[in-house]
Amino acid sequence: MPALTAPEPTLAEAVCLVLIGQGVEHGWAIGSLLADDGELGRIWSLSRPLTYRAIDGLAAAGLVTRAEAPTGRGRDRVRLRMTAAGRRVAAAWLDRPCVHVRDLRTELLLKLVLRQRVGLEIESLLDAQERELETAIDALTHRS
């Protein structure tokens, strides 16, 4: 399998991958969700060119496939589907707590919203996040 743009998917790749797994089949629709005024764009926005670059990376890594979908009118759209490897990567990313405090505002919020979009519980992620941050919290509060 070809490599992603990084050993782990970038934030853009991970979010796009999860959205594809949630049934968002077209790059334009993903871009709309991630636009400044989109459902997820209020938390974190991504330009359309960067959205399509992330999708290209996912396709190159074999995490999504593309298929032409004739619409009968206008421009044909490319349908995106997640592969088995993509499902594993997306599930692992959604379940993994953020390692750095700086990622809480964006990455953790995105994971929580993406989980809620499809009815996944959030408590296990929040518990894992709390455990991940215990050392930093202890250092900040001078607990041992």
Side-chain angles (χ1 to χ4, degrees), residues 1-69 71 75-144:
M1 174 167 53
L4 290 166
T5 57
E8 289 286 320
T10 64
L11 183 60
E13 290 168 337
V15 171
C16 290
L17 183 62
V18 169
L19 288 170
I20 293 165
Q22 292 180 352
V24 184
E25 296 182 328
H26 305 288
W28 186 265
I30 294 170
S32 296
L33 290 168
L34 294 172
D36 289 333
D37 60 349
E39 177 185 341
L40 297 171
R42 292 176 286 139
I43 298 169
W44 179 74
S45 62
L46 190 63
S47 70
R48 286 199 192 274
L50 291 178
T51 299
Y52 284 106
R53 183 180 299 163
I55 293 168
D56 288 343
L58 295 170
L63 300 178
V64 299
T65 59
R66 292 178 163 129
E68 292 292 325
T71 58
R75 207 171 118 205
D76 288 345
R77 293 190 176 172
V78 175
R79 290 175 63 183
L80 302 166
R81 295 276 189 249
M82 189 183 296
T83 64
R87 281 189 287 283
R88 287 190 298 275
V89 169
W93 182 79
L94 271 178
D95 288 342
R96 188 172 37 250
C98 301
V99 177
H100 300 287
V101 174
R102 68 175 178 255
D103 298 328
L104 293 178
R105 181 187 175 276
T106 301
E107 186 178 332
L108 181 61
L109 283 175
L110 283 168
K111 287 179 179 184
L112 294 172
V113 169
L114 288 167
R115 291 177 71 86
Q116 288 180 318
R117 286 183 88 235
V118 292
L120 293 174
E121 56 82 27
I122 61 171
E123 289 77 15
S124 62
L125 177 60
L126 291 173
D127 290 342
Q129 189 62 68
E130 183 178 19
R131 285 190 302 278
E132 181 68 35
L133 295 175
E134 274 181 359
T135 304
I137 293 168
D138 288 347
L140 290 171
T141 57
H142 305 290
R143 294 187 286 183
S144 300

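As the structure is a computational prediction, the values presented were derived from the model and not from experiment.
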Side chains of [X] and [Y]: closer than 4.5 Å at any heavy-atom pair?
| X | Y | answer |
| --- | --- | --- |
| Cys16 | Leu58 | yes |
| Val24 | Leu80 | no |
| Val18 | Leu94 | yes |
| Asp56 | Arg66 | yes |
| Leu40 | Leu114 | yes |
| Gln22 | Leu19 | yes |

Return the minimal non-hydrogen interatomic distance between [X] and [Y], and the atom names on each side.
| X | Y | result |
| --- | --- | --- |
| Glu123 | Glu121 | N-OE1, 2.9 Å |
| Ala90 | Met82 | CB-CE, 4.1 Å |
| Pro9 | Val89 | CG-CG1, 3.8 Å |
| Trp28 | Tyr52 | N-OH, 3.0 Å |
| Thr51 | Gly31 | CG2-N, 4.0 Å |

Discussion item. Checking side-chain contact (heavy atoms from CB on, under 4.5 Å) between Ile30 and each of Ile20, Leu17, Val15, which is the one that passes?
Written reply: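 That would be Ile20; it is the only one of Ile20, Leu17, Val15 passing the side-chain contact (heavy atoms from CB on, under 4.5 Å) with Ile30.
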Worksheet item: Can you list every salt bridge (charged side-chain N to carboxylate O under 4.0 Å, His left out) pair that touches residues 15-38, not counting sequence neighbours?
Response: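 Listed by first then second residue: Glu25-Arg79, Glu25-Arg81.
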Worksheet entry | Stepwise side-chain hydrogen bond (donor to acceptor under 3.5 Å, both in side chains) check, Ser32 with Arg48 | CA-CA 8 Å; Ser32 296; Arg48 286 199 192 274; 3.0 Å; yes
Fill in: Steps toward side chain to side chain contact (heavy atoms under 4.5 Å, CB included) verdict (Thr10, Arg53)
CA-CA 11 Å; Thr10 64; Arg53 183 180 299 163; over 6 Å; no
Fill in: Approximate separation, where rounding is to 0.5 Å, of Leu125 CG and Gln129 CD
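So the gap between those two atoms works out to 6.5 Å.
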Worksheet entry | Between OG1 on residue Thr135 and CG on residue Leu140, distance to nearest 0.5 Å |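 Separation between the atoms: 11.0 Å.
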Can I get a per-line list of side-chain donor-acceptor pairs under 3.5 Å for residues 95-112, giving both atom names and the distance, sequence neighbours left out?
unit_1, atom_1, unit_2, atom_2, d
Asp95, OD1, Arg115, NH1, 2.8
Arg96, NH2, Glu8, OE1, 3.0
Glu107, OE2, Lys111, NZ, 3.0
Lys111, NZ, Trp93, O, 2.9
Lys111, NZ, Arg96, O, 2.4

